Amino acid sequence: MEDSYNPQAIIEKWLEFWEDRGTFEAEGPTDNGSPGRPRSYVVSMFPYPSGDLHMGHAEVYSIGDSIARFTRMRGANVLNPIGWDSFGLPAENAALKRDMDPKEWTYRNIDVQAESFHRLGISFDWRSRFHTSDPEYYRWNQWLFLRMFERDLAFRRSAPVNWCPVDSTVLANEQVIGGQCERCGSVVQQRDLTQWFFRTTAYAQRLLDDMAQLEGKWPDDVLAMQRNWIGRSEGAHIDFVVEGREAPIRVFTTRPDTLFGATFFVVAADSPLADELCVAERRDEFEAYRAEVRTANEIDRLAKDRPKTGVFLGRHAVNPVNGERIPVYASDYVLSGYGTSAVMAVPAHDQRDLDFAKAFGLPVRTVVDTGEPDPETTGVATAGPGTLVQSGPYDNLPHTEGGGKIVAALAERGVAEKAVTYRLRDWLLSRQRYWGTPIPIVHCPDCGEVPVPDDELPVVLPDSGYQLRPKDGRSPLASAEAWAAVPCPRCGTQARRDTDTMDTFVDSSWYFMRYPNAGYDEGPFDPAGIERWLPVDEYVGGREHSTGHLIYARFMTKVLHDMGYLPFVEPFRRLINQGQVVMNGKAMSKTLGNLVNLQEQISAHGPDAVRVTMLFAGPPEDDIDWADVSPTGAVKWLARVWRLAGEVGAVPVDAAPADGDSALRKEVHHLVAETTTLMEGRRLNVAIARLMQLTSSLRRAVDGKPGPKDPGVREGTEALVRMLSCFAPFTAEECWERLGRPASVCEAGWPEADPALLVTETVTCVVQVNGKVRARLEVPATVEDAALEELVRAADPVRQALRGAAVKKVIVRAPRLVNLVV
RNA sequence: GCCCCGAUAGCCCAAUCGGCAGAGGUGCCGUCCUCAAAAGGCGGAUGUGCGGGUUCGAAUCCCGCUCGGGGUACCA
């Protein structure tokens with residue numbers, strides 16, 4: 001046996017042992033496993049293979065792993081899977097830069113990451129492994145797409161995209177920096193392209209309602225973010241007749257009470273409506289304005305307090321409540337993607353409308369008296385509650401009541417109704433990219449959009465004959481002429497494949513359902529696996545996915561539920577967001593540089609110490625500043641445990657634990673109980689602190705009073721090592737062996753605290769005088785209020801503290817506290 | 001601008017029911033061991049961001065600020 005702790009020397013041995021023994025394989029992933037044994041499904045968000053693992057990865061998987069190990073040690077059958085989110089743009093960029101195949105780059109990185117996961121000692125069940133770029137996986141993206149297409153949940157519509165005029169290509173949002181093309185710096189334009197969408201808006205209300213199931217189990221800030229993102233807003237739809245147009249134009253407003261104050265009407269400048277409404281005489285002015293809006297859009301959007309701009313369209317609308325003619329303007333402050341892309345403008349009670357009115361010299365009419373000064377003179381709109389004025393029959397009503405009556409009256413004439421809108425948009429799927437899932441649709445000149453038949457799936461990406469960045473700005477797949485040209489599946493006419501690929505969020509919206517049977521080929525996931533493991537019990541990942549991935553996964557789960565494939569509507573029962581790993585307050589990334597390198601940290605301190613350092617640094621959701629933490633401190637602690645295990649293991653056990661030193665055993669069992677509670681609450685940093693405390697107690701016990709031979713010392717050391725295995729698996733195995741126990745410690749179970757040892761006979765009672773601590777007394781733990789008061793009043797130190805003053809009031813909280821008020 | 005979260009020792013963090021401010025780490029100082037040092041053992045000091053309120057009692061609850069972090073951004 002070695003005489004000093006060497007974290008590197010013990011890695012290989014245990015990796016081989018675990019693998020040979022299948023220590024971390026879930027029992028019967030798709031069958032029932034042992035009857036009655038609880039199951040738990042712990043999933044960490046799967047990685048994108050951008051290169052080797054970095055500090056951030058180490059943190060997420062260390063958190064997920066310690067939870068999986070804890071749950072497993074308490075007897076549950078745990079599935080802790082791993083896969084790769086391996087489609088995506090970086091593979092294309094890397095391929096362009098190095099002149100290689102995106103596939104080659106991707107799978108090489110996956111292998112590097114898989115090896116790094118092994119060496120970190122993460123307890124994955126490797127049988128679950130798959131990659132989203134495998135045709136066996138993305139085939140089911142296509143299958144899902146077709147099911148959604150059949151239900152009208154997948155559809156095509158024209159939508160603006162970011163367009164770089166110099167590179168003549170479509171850009172992803174993250175390639176647009178400050179309104180400019182990331183690569184060439186030219187100003188990005190908005191262009192309309194026909195694109196595929198999933199109808200997420202149809203699920204807006206359910207995404208909101210079902211959050212009730214997540215309350216208290218997901219972090220509050222994530223729920224708040226999702227609520228804002230979905231952005232439910234209540235109000236009314238009101239129809240305005242526009243002169244010279246047959247159909248009225250509908251607006252959405254949250255303030256129907258201000259309808260009498262509408263002094264003009266605004267439509268989104270980039271909407272088809274503006275184009276249609278513009279009269280001939282205003283055409284030139286409008287076209288010029290619209291061109292300006294389209295090009296300058298992205299840059300100006302970032303500018304704060306931008307002056308309001310717009311053009312008069314030469315027409316008037318009629319306010320349905322009073323027949324008043326109000327001018328119609330086009331402006332970019334009205335958004336084309338929200339509501340009906342038209343608003344009634346009430347400058348007195350909406351700051352944006354007021355700014356516009358001031359810029360264009362339009363009238364301001366106060367119709368809600370809020371008690372604040374006149375908006376027209378102050379330039380500050382009054383948006384608060386108040387009483388209606390200048391509103392005809394509705395004068396003097398409170399604004400909410402007045403609004404209700406106005407809507408009711410208009411509704412009788414059929415020109416208004418109560419309405420709810422959402423900020424949430426439909427999910428734009430189409431990507432003009434190569435490295436993604438091809439959209440399984442054929443465009444036929446005769447039949448239109450024709451789905452690829454299920455038995456022809458997957459539509460596999462072409463290996464050759466495509467350009468990654470075609471100069472004409474088409475999708476890469478459009479340049480693969482031989483691949484794109486196919487006969488129509490319906491009529492046989494020469495047709496063309498859809499040449500866009502899917503957003504990679506499609507891949508990650510359901511991957512966790514496939515892990516239980518990763519090779520299943522009769523559907524996206526094995527129904528038996530779903531039955532046994534889903535929904536996910538514990539999901540661990542970054543907060544950056546709050547409004548993206550987590551909404552998409554929730555949406556997809558509801559869609560699959562509605563199709564009858566899933567019995568549940570929420571995919572993740574419990575969510576943990578881990579913080580970032582930063583260095584001196586600065587985030588790490590590929591562009592900012594990896595200020596701390598994971599592999600270097602592992603070589604310097606060993607995988608266990610790196611894991612312990614991260615988990616001990618603070619609550620899982622807090623950021624870790626590597627400059628503030630001490631990996632050498634973690635090494636020191638692990639070495640301490642290692643030595644302790646060696647010393648305790650070196651002396652023979654000569655009695656049962658019950659014969660051990662009782663003070664020590666009480667302390668050990670208390671610490672075990674506390675650690676258990678902390679682990680259940682996922683308070684990993686505090687749990688580790690308790691283990692450190694236990695280490696110190698045992699060290700004192702070995703060096704001093706009961707001595708190393710005491711059975712309580714062995715009992716405590718074994719408990720320590722078992723609990724340690726959640727955080728430092730290699731060291732814990734080694735310690736377990738040094739204690740003379742047969743491997744694996746992972747199968748030794750979580751220690752249980754003996755309730756009999758948790759009861760305390762006496763506790764320290766704090767005696768306060770006027771809230772200030774004046775004395776402490778040892779009292780029986782079971783003492784009653786009245787008896788305690790007697791005890792306290794009779795105690796010498798208390799009488800001294802009182803100095804004869806009369807006690808006016810006594811507050812007794814037996815057995816811990818008595819407060820005497822004088 | 002709006003929404004959410006946070007602020008405790010030099011630093012990272014505990015204090016989960018409103019009841020002794022300190023569990024743990026790190027840094028610093030002292031001490032034991034040593035010829036000496038390292039390693040290891042033992043011990044120590046420093047305070048709840050600011051101002052009000054509720055209460056017998058507030059780090060904890062309420063109100064108002066300051067600072068920091070995150071989200072969102074003309075959403076009618």
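Treat the numbers as computed from the prediction; the structure is a model and nothing was measured.
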May I ask you to evaluate whether A/Lys636 reaches the phosphate of B/U26, defined as a side-chain N or O under 4.0 Å from OP1 or OP2? yes

Heavy atoms under 4.0 Å, any strand shown: does A/Trp637 hit a base, just sugar-phosphate, or nothing? nothing

Between P of B/G71 and CD1 of A/Ile551, the distance in whole Å: 15 Å

Quick one: label A/Gly231 by what it contacts on the DNA or RNA (base, sugar-phosphate, nothing), any heavy atom closer than 4.0 Å. nothing

Calculate the interatomic distance between A/Leu698 atom CG and B/G40 atom P; express it in whole Å. 18 Å

Should the ring pair A/Trp427 and A/Tyr552 be called parallel, tilted or perpendicular, given that the plane angle runs from 0 to 90° and is split at 30 and 60? parallel

Whole angstrom value for the distance that separates P of B/A76 from OH of A/Tyr333: 13 Å

Touch class at under 4.0 angstrom, heavy-atom based, for A/Arg425 against every strand present: base

Take the protein atom CG of A/Leu817 and the nucleotide atom P of B/A58, then report the distance between them rounded to whole Å. 12 Å

Could a donor-acceptor pair under 3.5 angstrom be found where the side chain of A/Gln351 meets the base of B/G1? no

What class does the angle between the rings of A/Trp642 and A/Tyr5 fall in, given that below 30° is parallel, 30 to 60° is tilted and above 60° is perpendicular? tilted

In whole Å, what separates the C1' atom of B/U8 from that of B/A58? 14 Å

Using side chain to side chain contact (heavy atoms under 4.5 Å, CB included), reason through A/Ile238 and A/Thr253 one step at a time and then give a plain yes or no. CA-CA 8 Å; A/Ile238 298 173; A/Thr253 178; 3.8 Å; yes

Check whether any side-chain nitrogen or oxygen of A/Ser233 sits under 4.0 Å from OP1 or OP2 of B/A76, and answer yes or no. yes

To the nearest angstrom, the CZ-P distance between A/Arg700 and B/G40 comes to 17 Å

Sugar-phosphate only, base, or nothing, as touched by A/Val810 at under 4.0 Å among non-hydrogen atoms: nothing

With no hydrogens and no angle check, do the side chains of A/Gln226 and A/Arg554 hold a donor and an acceptor under 3.5 Å apart? yes

Residue pair A/Asp703/A/Asp221 against RNA chain B: nearer the 5' end by closest nucleotide is A/Asp221

OP1 or OP2 of B/A76 under 4.0 Å from side-chain N/O of A/Tyr338: yes

Does A/Gln693 reach a base, just sugar-phosphate, or nothing at all? Heavy atoms under 4.0 Å. sugar-phosphate

Just to be sure I understand the rule, does A/Val821 reach a base, reach only the sugar-phosphate, or reach nothing, if contact means heavy atoms closer than 4.0 Å? sugar-phosphate

Just to confirm, is there a sub-4.0 Å distance from OP1 or OP2 of B/G24 to any side-chain nitrogen or oxygen of A/Asn685? no

Whole angstrom value for the distance that separates P of B/G69 from CG of A/Asp625: 13 Å

Please check the phosphate of B/A14 (OP1 and OP2 only) for any side-chain N or O of A/Arg690 closer than 4.0 Å. no

Distance check needed: B/A76 C1' versus A/Lys308 NZ, whole Å only. 12 Å

Name the nucleic acid region contacted by A/Arg423, choosing base, sugar-phosphate or nothing; use a 4.0 angstrom heavy-atom cut-off, strictly under. base

In whole angstrom, give me the gap between the P atoms of B/U46 and B/G10. 10 Å

Is A/Pro619 touching bases, backbone alone, or none of the nucleic acid, heavy atoms closer than 4.0 Å? sugar-phosphate

Plane angle bin for A/Phe360 and A/Tyr329 - parallel if under 30°, tilted between 30 and 60°, otherwise perpendicular: perpendicular

Just how far, in rounded Å, is P of B/G19 from NZ of A/Lys809? 17 Å

Would you mind telling me which residue lines up with the more 5' stretch of RNA chain B, A/Arg699 or A/Gly681, judged by nearest nucleotide? A/Gly681

For A/Ser697 and A/Glu667, which I'm curious about, is there any donor-acceptor pair between the side chains at under 3.5 Å? yes

